[in-house]
Amino acid sequence: ALEIMAVQGLPDSLLGIAVQLNQGMIGRVAATQTPLRINDYSGWGDKLLLAPDVIAQHGAIGVPMLYQDRAVGVICVFEVRPERTFSDDDETILEALAAPAAVATINAEYYSRAHRLSQRMSVLLATQLRLSTQTTHPDVMLDTVCQTVISLFGCNGAAIWRWRTNLLERTAVRFVDNVTLPDPTLAWNEGLPGRALAQSVPLVEDDPDQTGVTHAALPMMWQGQPVGVLVATYASNEMRFSRDDIDLLSLFCQSVGAALINADLLNSLQAERDRLETILSSTVDPVLVADQAGRLALINPIATSALQAT
């Protein structure tokens, strides 16, 4: 589809209107990639009924903006004077203007894309660094990941499923709109999250039960082993995940997977240390533990009291 991006001498209400290929003069010029001249636009049967000001026009001409044999836009000019019709010279002039306009449009798109990628990558790298260097509980970490994805990509929500030996368990959810999610627990290869993890590839699908809702499921792996799945959601037909979005989110998810494994290991070590300290504190016998170099590593309160007494 095409979108009306600029108008001069026409109502601003036309801005943002989508036009399908072969629809009206704009769509026909884009589809055929050839100029089109109409002497009486108001009487033309295929005109777009967008606004009275447009319908009332007389002469009209449209030329495609071509870049490498691809139509990237259309320039249309309307005439209000009934005696004025567009000539071959007018068409030649408009085509001469359309060529550099097409190149400028492509350059602007490339710049916008590069700038957007750079901004998003900077935020994701900063988040990745924070997750990998700070001692954070996995639940807090996952909530941070969901918040980052929503704010950076403009999603309507994000959720994370962790892989727990034989099933996926949803452990983090953050949504700005009411959207129904896949089940909180899923088996291997079940549902969109389960299939993304089983195939180890990102999957993007329209929700079959919710109109306009699109989910992107991105697996989180560590050394080839499943860690979890991030699901980002758009709840609007106007928003879609681009290839750049999926590539960035995939890279981010790999770093999140590694950070989660590190957090799990740290929590396990801390839990083991707490358990050992509990055992040492409750035993009635003095206990001293030395490391391989002979240095004192642990001592329980009974041993401390005994040494102080001597």
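All values below come from the heavy atoms of this structure, side chains included, with hydrogens, waters and symmetry mates left out. One is the number of the first residue; the rest follow in order along the sequence.
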Take D245 and R120 through the salt bridge (charged side-chain N to carboxylate O under 4.0 Å, His left out) test and state the conclusion after the steps. CA-CA 9 Å; D245 294 339; R120 289 179 171 178; 2.5 Å; yes
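- Judged purely by atom type and a 3.5 angstrom limit, R37 uses its side chain to pair as donor or acceptor with the backbone of F86.
- Side-chain contact between V287 and I302 is absent, with no heavy-atom pair separated by less than 4.5 Å.
- In this structure, the side chains of I26 and C76 come closer than 4.5 Å at one or more pairs of heavy atoms.
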For a side-chain contact (heavy atoms from CB on, under 4.5 Å) check, start with the C-alpha distance between C155 and F241, then their side-chain angles and the critical distance, and finish with the verdict. CA-CA 9 Å; C155 299; F241 293 99; 4.0 Å; yes
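- The existence of a salt bridge linking E169 and R164 is confirmed by a sub-4.0 Å separation between a basic side-chain nitrogen and an acidic carboxylate oxygen.
- Atom CG in L251 sits 9.0 Å away from atom CG in L124 (nearest 0.5 Å).
- Between D90 and R84 there is a salt bridge, since at least one side-chain N of the basic residue sits less than 4.0 Å from a carboxylate O of the acidic one.
- Within the 4.5 Å cutoff, the side chain of L260 has heavy atoms near those of the M141 side chain.
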Could you walk me through whether D12 and V7 pass the side-chain contact (heavy atoms from CB on, under 4.5 Å) test, one step at a time? CA-CA 7 Å; D12 289 341; V7 296; 3.8 Å; yes
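- To the nearest 0.5 angstrom, L14 atom CG is 5.0 Å from I17 atom CD1.
- No donor-acceptor contact under 3.5 angstrom links the side chains of T92 and D89, judged on distance only.
- In the hydrophobic clustering of this structure, V256 groups with W222; members are Ile, Leu, Val, Met, Phe, Trp, Tyr whose side-chain heavy atoms approach within less than 4.5 Å, directly or through other members.
- Taking each heavy atom of S236 and N156 in turn, the nearest pair found is N-OD1, 4.4 Å.
- For the 3.5 Å distance criterion, the side chains of R170 and T185 fail to qualify, holding no donor opposite an acceptor.
- Distance check: M220 CE to Q225 CD gives 14.5 Å after rounding to the nearest 0.5 Å.
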Walk me through it: do L197 and W188 pass the test side-chain contact (heavy atoms from CB on, under 4.5 Å)? CA-CA 8 Å; L197 194 62; W188 182 262; 3.9 Å; yes
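- Counting non-hydrogen atoms of other residues, nucleotides and ligands closer than 6.0 Å to CE of M121 gives a total of 12 or fewer.
- Side-chain N/O atoms of N39 and H58 include no donor and acceptor closer than 3.5 Å.
- If you take CG on D183 and CH2 on W161, they are separated by 8.5 Å, rounding to the nearest 0.5 Å.
- Q23 CD to L2 CG: the interatomic distance, rounded to the nearest 0.5 Å, is 9.5 Å.
- Looking at I150, V149, D143, V145 one by one, the single match for side-chain contact (heavy atoms from CB on, under 4.5 Å) with Q147 turns out to be D143.
- Atom OG1 of residue T304 and atom CD1 of residue I299 lie 3.5 Å apart, to the nearest 0.5 angstrom.
- E79 places a side-chain N or O within donor-acceptor distance of the main-chain N or O of R81, the cut-off being under 3.5 Å.
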Could you give me the CA-CA distance, side-chain angles and deciding distance for I246 and L218, then say whether side-chain contact (heavy atoms from CB on, under 4.5 Å) is met? CA-CA 8 Å; I246 298 302; L218 302 109; 4.3 Å; yes
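- Contact detail for A158 and C146: the closest heavy-atom pair is O-SG, 3.7 Å.
- For CE of M5, the number of neighbouring non-hydrogen atoms (other residues, nucleotides, ligands) closer than 6.0 Å is 12 at most.
- The closest donor-acceptor contact from the side chain of E109 to the backbone of I106 lies at 3.5 Å or more, if one exists at all.
- Side-chain atoms of S118 never come within 3.5 Å of backbone atoms of A114 as a donor-acceptor pair (strictly under, hydrogens ignored).
- Considering only heavy atoms from C-beta on, W44 comes within 4.5 Å of M25 through its side chain.
- Residues V227 and I261 form a side-chain contact, since some pair of their non-hydrogen atoms from C-beta on lies under 4.5 Å apart.
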